[in-house]
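In this text, all values refer to a predicted model and were calculated from it rather than measured experimentally.
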Amino acid sequence: MGKKLIGIVADIEIVKRDGFPSYQRIYSNEDYIEAVIQCGGVPIILPFLRDYSTVKEQIKLVDKVIITGGCDVNPLMYGEESEILSGEIIPERDNYDMMVIKSCEELKKPILGICRGVQSLNVAYGGTLYQHLPSRNEFYIQHNQKSRYDVGIHTIIMEKGTKLQQILGDSIIVNSFHHQAVKDLAPGFVVSAKSKDGVIEGIEKLGDVSVIGVQWHPEKMFLKCEQMKMLFYEFINNI
């Protein structure tokens with residue numbers, strides 16, 4: 001068998017240049033691409049599409065999908081109004097993520113959701129999000145770090161018997177670049193990891209097809225952390 005084709009959901013950037021005041025660029029951070037290559041997969045960047053039937057054809061071309069990080073998920077998608085401290089939303093990204101997840105569900109394609117990706121997964125299946133963790137007194141750990149991107153800053157604890165625990169062990173130090181997080185867990189999912197202040201850091205969907213979401217950014221740590229590399233390796237090759 002050949003190498004697995006791994007679809008990487010792209011992000012969008014508004015480029016402001018002379019002569020191009022609102023030039024839109026669809027792109028992927030290199031970290032995701034390198035993580036897939038070094039762990040035995042073939043990366044395929046997935047640009048936004050607006051038509052569901054075309055998105056489904058797109059997902060048919062790949063074996064598995066990584067839903068990447070990015071801006072906030074629109075709170076209206078889980079029945080809430082946007083709070084004052086919520087961040088930027090991009091409707092095109094929200095709509096595309098939802099169509100990708102639906103396509104993967106119908107085609108039985110595994111998903112790894114990273115940062116925003118775990119939030120998109122939770123919302124797509126009926127869960128909700130905390131819109132701004134610093135406004136909640138119960139969360140005292142720094143979840144939007146000021147340290148270098150490849151430096152781990154806090155501990156997470158894995159739930160026994162979960163796929164994350166089997167891959168990463170009982171605990172691990174992770175980096176952290178988010179101000180939102182899973183609040184009400186979507187039906188059909190289990191929590192697979194939490195930080196010591198109780199923020200949900202990993203979720204998994206029950207069933208035969210692997211759907212895993214993590215709140216940190218393993219693609220920014222895999223070169224220096226064998227456990228992070230193992231997460232990509234196992235997702236690409238074994239689950």
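The shortest side-chain heavy-atom distance between Lys205 and Glu105 falls under the 4.5 Å cut-off. Contact of the Leu46 side chain with the Ile8 side chain is not registered, since no non-hydrogen atoms from C-beta on lie closer than 4.5 Å. Here the side chains of Tyr149 and Met221 are not in contact, with every heavy-atom distance at 4.5 Å or above. When side chains are defined from C-beta on, Glu201 does not count as touching Lys194, because their heavy atoms never get closer than 4.5 Å. Here the side chains of Leu231 and Leu164 are in contact, with some heavy-atom distance below 4.5 Å. Using a 4.5 Å heavy-atom threshold, the side chains of Ile111 and Leu121 count as touching. Under the 4.5 Å side-chain criterion, counting only non-hydrogen atoms from C-beta, Thr68 is not in contact with Asn29. Side-chain contact between Tyr140 and Lys196: present, with at least one pair of heavy atoms (C-beta onward) separated by less than 4.5 Å.
For Leu206, the CG atom is densely surrounded, since the number of other residues' heavy atoms within 6.0 Å is greater than 12. Counting non-hydrogen atoms of other residues, nucleotides and ligands closer than 6.0 Å to OH of Tyr27 gives a total above 12. Counting heavy atoms of neighbouring residues, nucleotides and ligands inside a 6.0 Å radius, atom CD of Glu81 does not exceed 12 of them.
Between atom CD of residue Gln215 and atom SG of residue Cys115 there is a gap of 5.0 Å, rounded to the nearest 0.5 Å. Rounded to the nearest 0.5 Å, atoms NZ (Lys108) and CG (Asp208) are 7.5 Å apart. From Glu106, atom CD reaches atom CD1 of Ile101 across 12.5 Å, with rounding to the nearest 0.5 Å. Here the CD1 atom belonging to Ile173 is positioned 11.5 Å from the CH2 atom belonging to Trp216, to the nearest 0.5 angstrom. Here OH of Tyr233 is found 4.5 Å from CG of Asn237. Values are rounded to the nearest 0.5 Å. Interatomic distance, Leu5 CG to Leu61 CG, rounded to the nearest 0.5 Å: 8.5 Å.
The backbone N or O of Ser82 lies less than 3.5 Å from no partner atom in the side chain of Ser86, so there is not a single donor-acceptor pair. When atom types are taken as modelled, the side chain of Asn122 and the backbone of Asp184 share a donor-acceptor pair closer than 3.5 angstrom. At distances below 3.5 Å, at least one donor-acceptor pair connects side-chain atoms of Asp72 with backbone N or O atoms of Gly87. Using modelled atom types, one side-chain atom of Lys64 and one backbone atom of Ile236 make a donor-acceptor pair closer than 3.5 Å. Using modelled atom types, no side-chain atom of Glu80 and backbone atom of Thr128 make a donor-acceptor pair closer than 3.5 Å. Put simply, the side chain of Ser28 never gets that close to the backbone of Ile45: no donor and acceptor are under 3.5 Å apart. Using modelled atom types, one side-chain atom of Ser195 and one backbone atom of Val199 make a donor-acceptor pair closer than 3.5 Å. A donor-acceptor pair under 3.5 Å links the side-chain atoms of Gln145 to the main chain of Val151, judged by distance alone. In terms of modelled atom types and a separation under 3.5 Å, the side chain of Asp51 and the main chain of Thr54 share a donor-acceptor contact.
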Can you list the steps and then say if Ile59 with Val100 is a side chain to side chain contact (heavy atoms under 4.5 Å, CB included)? CA-CA 7 Å; Ile59 300 304; Val100 166; 4.0 Å; yes
Would Val209 and Lys109 count as a side chain to side chain contact (heavy atoms under 4.5 Å, CB included) here? Give the steps. CA-CA 7 Å; Val209 179; Lys109 301 290 179 82; 5.9 Å; no
Would Tyr130 and Gln119 count as a side-chain hydrogen bond (donor to acceptor under 3.5 Å, both in side chains) here? Give the steps. CA-CA 10 Å; Tyr130 289 109; Gln119 297 166 13; over 6 Å; no
Gln165 vs Asp170, side-chain hydrogen bond (donor to acceptor under 3.5 Å, both in side chains): CA-CA, chis, key distance, verdict: CA-CA 6 Å; Gln165 192 256 344; Asp170 294 334; 2.8 Å; yes
Give the intermediate values and the outcome of side chain to side chain contact (heavy atoms under 4.5 Å, CB included) for residues Lys163 and Met158. CA-CA 9 Å; Lys163 291 177 181 176; Met158 259 61 72; over 6 Å; no
Could you go through Glu57 and Lys60, starting from their C-alpha distance and side-chain angles, then the distance that decides it, and tell me whether this counts as side chain to side chain contact (heavy atoms under 4.5 Å, CB included)? CA-CA 5 Å; Glu57 291 301 315; Lys60 285 180 182 177; 2.9 Å; yes
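Not less than 6.0 angstrom separates the ring centroid of His217 from the ring centroid of His178. Taking the ring centroids of Tyr125 and Phe189, they lie under the 6.0 Å cut-off.
Val123 is not connected to Leu76 by any chain of hydrophobic side-chain contacts under 4.5 Å among Ile, Leu, Val, Met, Phe, Trp and Tyr, and they are in different clusters. Linking Ile, Leu, Val, Met, Phe, Trp and Tyr whenever their side-chain heavy atoms come within less than 4.5 Å leaves Leu112 and Leu107 in two separate clusters. Residues Leu185 and Val211 fall within the same hydrophobic cluster, defined by Ile, Leu, Val, Met, Phe, Trp and Tyr side chains chained together at heavy-atom separations under 4.5 Å. Cluster annotation: Val55 is connected to Val62 through the hydrophobic network of ILVMFWY side chains, with a link wherever side-chain heavy atoms come within less than 4.5 Å. In this structure, Ile212 is not a member of the same hydrophobic cluster as Val118, with clusters built from ILVMFWY side-chain heavy atoms closer than 4.5 Å.
The two residues Pro47 and Ile26 have their closest heavy-atom pair at CA-CG2, 3.9 Å. Closest of all the heavy-atom pairs between Glu219 and Ile114 is OE1-CG2, 3.6 Å. Closest of all the heavy-atom pairs between Asp11 and Gly69 is OD2-O, 3.5 Å. A pairwise comparison of heavy atoms in Pro43 and Gly41 identifies CD-O, 3.8 Å as the closest pair. Closest of all the heavy-atom pairs between Cys225 and Ile172 is SG-CD1, 4.4 Å. Annotation for Ile153 and Gln142: closest pair CD1-O, 3.2 Å, computed over non-hydrogen atoms.
Between Arg116 and Asp94 a salt bridge is recorded (basic side-chain N to carboxylate O distance below 4.0 Å). For the pair Lys220 and Asp150, the salt-bridge criterion is not met [side-chain N within less than 4.0 Å of a carboxylate O].
For the pair Lys229 and Phe222, the cation-pi test (distance below 6.0 Å, angle within 45°) is failed.
Here the rule is side-chain hydrogen bond (donor to acceptor under 3.5 Å, both in side chains) with His132, and of Gln180, Glu83, His179 only His179 fits it.
A side-chain donor from one of His143 and Asp197 sits under 3.5 Å from a side-chain acceptor of the other. Using a 3.5 Å distance cut-off with no hydrogens or angles, the side chains of Ser192 and Glu159 do not pair a donor with an acceptor.
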